[in-house]
Amino acid sequence: MTETGIFFLRACLALLAMPIYLLWFLGIWEPFCKKVFFPFCLEKLSSIHEKKTKKHKQELFRNLPDFKSPSGELKLLEIGTGFGANFQFYPAGCQITCTDVNPNFQQGLLKNMNKNQHVHYERFLVAAGEDLHQVPSGSVDAVVCTLVLCSVRNVNATLKEVLRVLRP
């Protein structure tokens, strides 16, 4: 590729990125990204991802009923719930506490809860996986964290919190 071609490609890339630079300069990019752009993109990509992973998730969550407490209830904590793409795979009657660091997923999450009436939505917590202090120790029967451990700040701290909140 010639220098002219490289210059042209760089100019095109800079032109395409200009709106992002402008929003960043004005201090709007981070709020816009968290509230609008990221949730929108994740919702669109989730539907594609779900079609490709449906059989694997059915197998993965098949044995969740085995973790019911002696009372017969299944209390589940999902870390990084997003829009609740896993709800369709949870057993009927399980009680779900949802967590995510991004509170802007809550509206899409509620929409997905309406599609999955077989589960009971307990509450939504704005919380990072590394700090689940809002969830009492030993209070849940199972913890689900799909597609989230790659984005937490500290995997070991997150897994320690998982062990803490799980019922012995």
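One is the number of the first residue; the rest follow in order along the sequence. Side chains are part of it too, since the values below use all heavy atoms of this structure and drop only hydrogens, waters and symmetry mates.
Contact record, K68 with G72: CD-O, 3.3 Å, taken as the closest heavy-atom pair. Heavy-atom minimum distance, H56 versus K52: CD2-O, 4.3 Å. G138 and P168 make their closest contact through CA-CD, 4.3 Å (heavy atoms, listed as atom of the first residue, atom of the second, distance). Heavy-atom minimum distance, M113 versus V119: CE-CG2, 3.9 Å. When all heavy atoms are compared, the tightest approach of Q134 to R123 is O-NH2, 3.3 Å. Here the closest non-hydrogen pair linking K75 and S139 is CD-O, 3.7 Å.
Here CZ of F124 is found 7.5 Å from OG1 of T99. Values are rounded to the nearest 0.5 Å. For the atom pair I96 CD1 and N86 CG, the distance stands at 9.0 Å (nearest 0.5 Å). Annotation: the span from T53 atom OG1 to F89 atom CZ amounts to 6.0 Å, rounded to 0.5 Å. Between the CG atom of L9 and the OG1 atom of T4 there is a distance of 11.0 Å, given to the nearest 0.5 Å. To the nearest 0.5 Å, the span separating CG on L125 from CD1 on I79 amounts to 11.0 Å. Rounding to the nearest 0.5 Å places NZ of K115 at 12.5 Å from CG of L110.
Residues L76 and F61 share a single hydrophobic cluster, defined by chaining ILVMFWY side chains whose heavy atoms lie under 4.5 Å apart. When hydrophobic clusters are built by joining Ile, Leu, Val, Met, Phe, Trp and Tyr residues whose side-chain heavy atoms come closer than 4.5 Å, directly or via intermediates, V144 is grouped together with L60. Connection of L132 to V140 is established within a shared hydrophobic cluster, with ILVMFWY side chains joined at heavy-atom distances below 4.5 Å, either directly or through further cluster members. Under the 4.5 Å side-chain contact rule for hydrophobic residues, Y121 and V126 share a cluster. Hydrophobic clustering keeps V165 apart from V101 (ILVMFWY residues linked when any side-chain heavy atoms are closer than 4.5 Å, directly or through intermediates).
In this structure a side-chain-to-backbone donor-acceptor pair under 3.5 Å is present from H118 to F87. A distance-only check finds no donor-acceptor pair linking the side chain of Q95 to the backbone of E122 [under 3.5 Å]. Distance alone, capped at 3.5 Å, is enough to place a donor-acceptor pair between the D100 side chain and the G82 backbone. Counting only distance, with no hydrogens or angles, the side chain of E130 and the backbone of R153 share a donor-acceptor pair below 3.5 Å.
For R164, the CZ atom sits in a packed shell: over 12 heavy atoms of surrounding residues, nucleotides or ligands are nearer than 6.0 Å.
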E50/K57 under salt bridge (charged side-chain N to carboxylate O under 4.0 Å, His left out): CA gap, chis, key distance, verdict
CA-CA 9 Å; E50 287 309 309; K57 283 191 175 187; 2.9 Å; yes
Using side chain to side chain contact (heavy atoms under 4.5 Å, CB included), reason through V162 and L166 one step at a time and then give a plain yes or no.
CA-CA 6 Å; V162 167; L166 279 171; 4.0 Å; yes
Show your reasoning for whether side chain to side chain contact (heavy atoms under 4.5 Å, CB included) applies to L64 and C94.
CA-CA 9 Å; L64 271 176; C94 78; over 6 Å; no
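Side-chain contact between C145 and T158: absent, with no pair of heavy atoms (C-beta onward) separated by less than 4.5 Å.
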